[in-house]
2 protein chains.
Amino acid sequence: MAKAIQKRTLETRARLIAAAKDIIRENGYEAMRVEEVVLRAGTAKGTFFAHFRDKDALMDLIIGERIDEYLDDLQSLPAPDTPKKMAEALLPLCEFMTSERYVFDVILRYSGAAAQEEIGTIATTFGRQVEILEGWLKTYSYRNDVSSELLAEGIHAFMIQAMALRFCALHNATAINDRLGPYLVAWLQPKSG
Amino acid sequence: MAKAIQKRTLETRARLIAAAKDIIRENGYEAMRVEEVVLRAGTAKGTFFAHFRDKDALMDLIIGERIDEYLDDLQSLPAPDTPKKMAEALLPLCEFMTSERYVFDVILRYSGAAAQEEIGTIATTFGRQVEILEGWLKTYSYRNDVSSELLAEGIHAFMIQAMALRFCALHNATAINDRLGPYLVAWLQPKSG
DNA sequence: CGGCATTAATGACCATGGTCAATATAAAAT
DNA sequence: ATTTTATATTGACCATGGTCATTAATGCCG
């Protein structure tokens with residue numbers, strides 16, 4: 001049996017999401033409070049949790065949506081033909097992901113598909129990102145001793161690493177791309193065995 | 001001026017830590033509640049926060065201590081001469097780090113030196129780990145087109161990636177080492193340019 | 001219509017981490 | 001020993017996410 005979702009439901013949900021986005025636009029992701037969302041949306045608190053498993057589930061949705069926009073941009077770009085250019089192409093996405101400590105935390109938490117069962121929006125975007133990277137890797141052959149899937153996963157790992165070090169007191173002097181660039185060169189164009 | 005810490009302070013602190021460890025031993029990391037710690041230690045709640053910035057700071061301490069033990073083990077081992085053996089050597093540490101979703105979350109949060117200013121225990125262990133890896137990399141030359149520091153950071157990135165995928169609904173079928181092994185082979189012994 | 005079943009919304013309530021002005025204790029100065 | 005200062009402890013209180021039994025809409029059917 002289909003769910004038979006009422007129109008009202010969709011409206012309420014839309015109002016909640018809109019309210020959350022407003023708050024984020026005004027004061028950033030970290031500032032989002034369920035109470036405030038619910039107040040602006042004109043619903044009771046319980047309603048929020050009838051629509052979203054928890055606060056993070058809504059964050060996952062909103063952040064994931066945003067990531068998807070960056071991936072759209074990436075996809076409209078020509079495949080970069082050097083590791084350095086690749087790092088540059090990925091920079092805007094990295095910058096968004098690290099725009100707030102809180103945002104990066106949510107992404108880390110959900111990228112590993114935190115919510116055990118369901119695959120959330122962010123986790124989905126990660127799959128998509130790996131696909132885009134694989135496309136790039138097939139366009140220009142960087143190295144061919146390993147599968148492009150493995151290469152793509154590696155790029156992902158290095159992105160996370162470069163971003164994480166941004167928040168590290170010991171290492172935050174270096175810009176993301178001054179770190180990601182060398183990583184990708186070493187990963188995609190090793191000089192020898 | 002030195003702080004002139006009282007003996008009492010150290011005792012209280014020790015009681016708090018001991019209580020927390022007891023709870024963890026009995027019911028796991030996730031189960032640790034400040035209220036319960038304080039109850040067992042026989043102090044007021046406020047005392048807890050006079051000793052630790054927040055709950056996570058204590059977790060950082062306890063988990064970091066544990067990681068240090070694993071690093072001691074690693075250090076007492078002979079340097080592994082192949083990427084595969086390296087992955088095997090790192091397995092116990094990886095298993096501890098992923099023993100609970102919550103533990104991995106704390107590690108991720110604090111590895112990037114979450115608490116902006118102070119360098120916590122976990123962040124410190126990460127520095128130490130990189131040192132150990134660098135030692136290994138210098139003993140047997142894997143590849144020499146890049147610095148061993150960069151290589152060590154890469155190994156770290158791949159460890160995180162392999163562990164994160166453990167919690168991913170899409171990828172949790174693969175064992176950590178079936179993933180880490182290939183990563184390290186590709187990273188440390190690339191076959192060509 | 002007017003009942004009837006299904007789905008949505010409500011808000012009082014709970015769990016838990018965290019704060020802070022007030023108080024008690026220890027160490028130093030007289 | 002008494003006063004003074006520094007440090008540690010306290011617990012009532014707050015902030016915020018999350019729950020759930022109850023109530024209200026909605027839509028269907030005769």
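For the numbers below, each heavy atom of this structure counts, side chains included, while hydrogens, waters and symmetry mates do not. Chain letters run A, B, ... following the sequence lines, proteins first and then strands; every chain starts at 1. Everything numeric in this text was worked out from a predicted model, so none of it was measured.
- Residues A/Phe96 and A/Phe104 place their aromatic rings such that the two centres sit no closer than 6.0 Å.
- Contact check, B/His51 against D/dA8: no side-chain N or O comes under 4.0 Å of OP1 or OP2.
- The structure places CE of B/Met32 at 6.0 Å from NZ of B/Lys55, a figure rounded to the nearest 0.5 Å.
- In DNA chain D, runs of at least 3 stacked Watson-Crick or G-U pairs (N1-N3 plus N6-O4 or O6-N4, or N1-O2 plus O6-N3, all under 3.5 Å) give these stems: C:1-30 with D:1-30.
- Ring pair B/Trp187/A/Tyr183: centre-to-centre distance not below 6.0 Å.
- Remark: the B/Arg179 side chain and the B/Gln161 side chain contain no N/O donor-acceptor pair separated by less than 3.5 Å.
- Remark: B/Leu133 CG to B/Leu74 CG distance equals 8.0 Å, nearest 0.5 Å.
- DNA chain D is contacted by both B/Thr9 and A/Arg8; B/Thr9 maps to the nucleotide lying nearer its 5′ end (nearest heavy atom per residue).
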Check the pair B/Phe126 / B/Ile119 against side-chain contact (heavy atoms from CB on, under 4.5 Å), numbers first and verdict last. CA-CA 11 Å; B/Phe126 275 49; B/Ile119 308 282; over 6 Å; no
Nucleotide by nucleotide, 5' to 3', does protein get under 4.0 Å of the base (B), only the sugar-phosphate (S), or neither (-) in nucleotides 11-21 of chain C, counting heavy atoms? B----SBBBB-
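- One can place CG of B/Leu16 at 13 Å from P of D/dA8, the figure rounded to the nearest angstrom.
- Dashed line: the shortest gap from a side-chain N or O of B/Thr12 to OP1 or OP2 of D/dT9 is under 4.0 Å.
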Decide yes or no on side-chain contact (heavy atoms from CB on, under 4.5 Å) for A/Arg128 and A/Asp72, but give the supporting numbers first. CA-CA 10 Å; A/Arg128 196 182 152 204; A/Asp72 290 344; 2.7 Å; yes
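- Between the side chain of A/Arg53 and the backbone N or O of A/Ala50 there is no donor-acceptor pair closer than 3.5 Å.
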